[in-house]
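Shown next, in structure tokens, is the structure this report addresses.
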Amino acid sequence: MIPSPHYKGKVRDVYDLGNELLLVATDRISAFDVVFSEPVEDKGKILTRISTKWFRYFHEIPNHLVTDDPNQFPTPYQNHDAVVGRSVLVKKAKRIDFECVVRGYLTGSAWKEYLQSGTIAETPYPKGIQESYQFPTPIFTPARKNDSGHDENVSEATMEKEVGTALFQKVKKISLHLYTEAHRLMATQGILLCDTKFEFGLLDGEPILIDEILTPDSSRYWDASTYVLGKTPASFDKQILRNWLESTSWDKNPPPPKLPESLILELRKKYLELEEKINLCLSQK
């Protein structure tokens with residue numbers, strides 16, 4: 001038996017091991033800050049494999065990963081069925097309470113803000129831009145992480161003021177680099193990396209990548225063959241779930257609606273297809 005997690009997140013269980021954490025990715029799925037009753041089989045394992053592959057590909061960027069080998073986990077977690085294949089042992093860092101969001105295309109909350117106020121991350125943009133518009137260069141649109149409720153989109157200036165210029169410039173530069181390179185790689189497999197978020201923590205005063213990176217839960221991946229300006233392309237990510245929910249009468253407050261089996265199977269299929277594409281593009285190095 002393993003003890004109860006020290007922290008139970010929406011989709012992950014966290015065990016505090018002193019200077020390290022054991023992050024266990026469950027098969028729970030959430031949307032609009034609500035966790036659904038129906039799990040997506042193997043979701044945690046798929047996301048763990050994808051994230052660790054990207055961490056290792058971008059090994060020159062300091063990150064929190066210690067190992068995903070269950071043989072190297074401390075007892076009683078070592079090779080336990082509840083953690084094998086879906087867990088990583090990581091360095092404990094002080095979380096920077098902002099999501100570093102990079103957008104290559106206009107959609108999601110940025111599209112909603114633009115429609116409402118003509119701005120994106122509080123920066124004015126010209127009139128007449130259509131949904132799914134590709135920005136000439138990717139843009140950095142941070143979001144403040146809130147302990148309760150939705151994360152809050154903020155301006156670059158707000159984040160810079162709160163974390164300091166040097167740290168802000170450093171994580172922005174890393175985030176843009178990661179997005180740009182991942183976008184280039186995925187394009188070779190007919191996939192558009194629409195947008196993504198990165199999280200950072202401080203370890204010995206320096207920022208390191210934490211949480212997960214470039215998974216279909218933290219990113220939007222589009223099928224390039226369906227990309228048309230003014231429409232939302234087909235997805236390989238959690239947007240499939242959000243789109244279905246938007247088509248219902250659910251008010252985005254608990255309790256959530258029951259997810260149909262066909263939707264759960266589609267999510268799993270698309271996650272696995274995306275993993276295969278990621279494996280192919282990373283094997284080209």
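It should be emphasised that the depicted structure is a prediction, and the values quoted were computed from it without experimental measurement.
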### Summary
One should read off an interatomic distance between L192 CG and Q134 CD, to the nearest 0.5 angstrom, of 7.5 Å
### Query
Hey, what do you get for CG (N71) to CG (D69), rounding to the nearest 0.5 Å?
4.5 Å
### Task
Would you mind reporting whether K252 and V34 have side-chain heavy atoms less than 4.5 Å apart?
no
Using distance alone, with no hydrogens and no angle criterion, decide if [X] and [Y] have a side-chain donor and acceptor under 3.5 Å apart.
X	Y	value
S51	R56	no
E212	T215	yes
Y271	D237	no
Y57	E181	yes

### Query
Under 4.0 Å between a Lys/Arg side-chain N and an Asp/Glu carboxylate O for R86 and D27?
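D27 and R86: salt-bridged.
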### Message
Suppose we screen for side chain to side chain donor-acceptor pair (under 3.5 Å). Which residues come up paired with E20, at least two apart in sequence or across chains?
### Response
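For E20, no residue satisfies side chain to side chain donor-acceptor pair (under 3.5 Å) once neighbours in sequence are set aside.
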### Message
Going by the rule side chain to side chain donor-acceptor pair (under 3.5 Å), which residues pair with K172 if we only count those two or more places apart in sequence or in a different chain?
### Response
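Applying side chain to side chain donor-acceptor pair (under 3.5 Å) to K172 gives E156.
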### Message
Let's go through F168 and F98 carefully: what are the C-alpha distance in whole Å and the side-chain angles of both, what is the deciding distance for ring-ring contact (aromatic ring centres under 6.0 Å, His included) to 0.1 Å, and is it a yes or a no?
### Response
CA-CA 10 Å; F168 170 79; F98 286 87; 9.0 Å; no
### Task
Please work out whether the ring planes of H177 and F58 are parallel, tilted or perpendicular, with thresholds of 30° and 60°.
perpendicular
### Query
Where does the angle between the aromatic ring planes of Y133 and F135 fall among parallel (under 30°), tilted (30 to 60°) and perpendicular (over 60°)?
perpendicular
#### Entry: Intermediate values then yes/no, salt bridge (Lys or Arg N to Asp or Glu O under 4.0 Å), R144 and E162
CA-CA 10 Å; R144 182 186 285 109; E162 294 190 22; 2.3 Å; yes
### Message
Can you confirm whether or not the ring centre of Y114 sits under 6.0 Å from the ring centre of Y125?
### Response
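No, they do not, as the ring centres are separated by 6.0 Å or more.
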## Note on the structure
Closest non-hydrogen atoms of V102 and F140, given as atom of the first, atom of the second and distance, are CG2-CD1, 4.2 Å
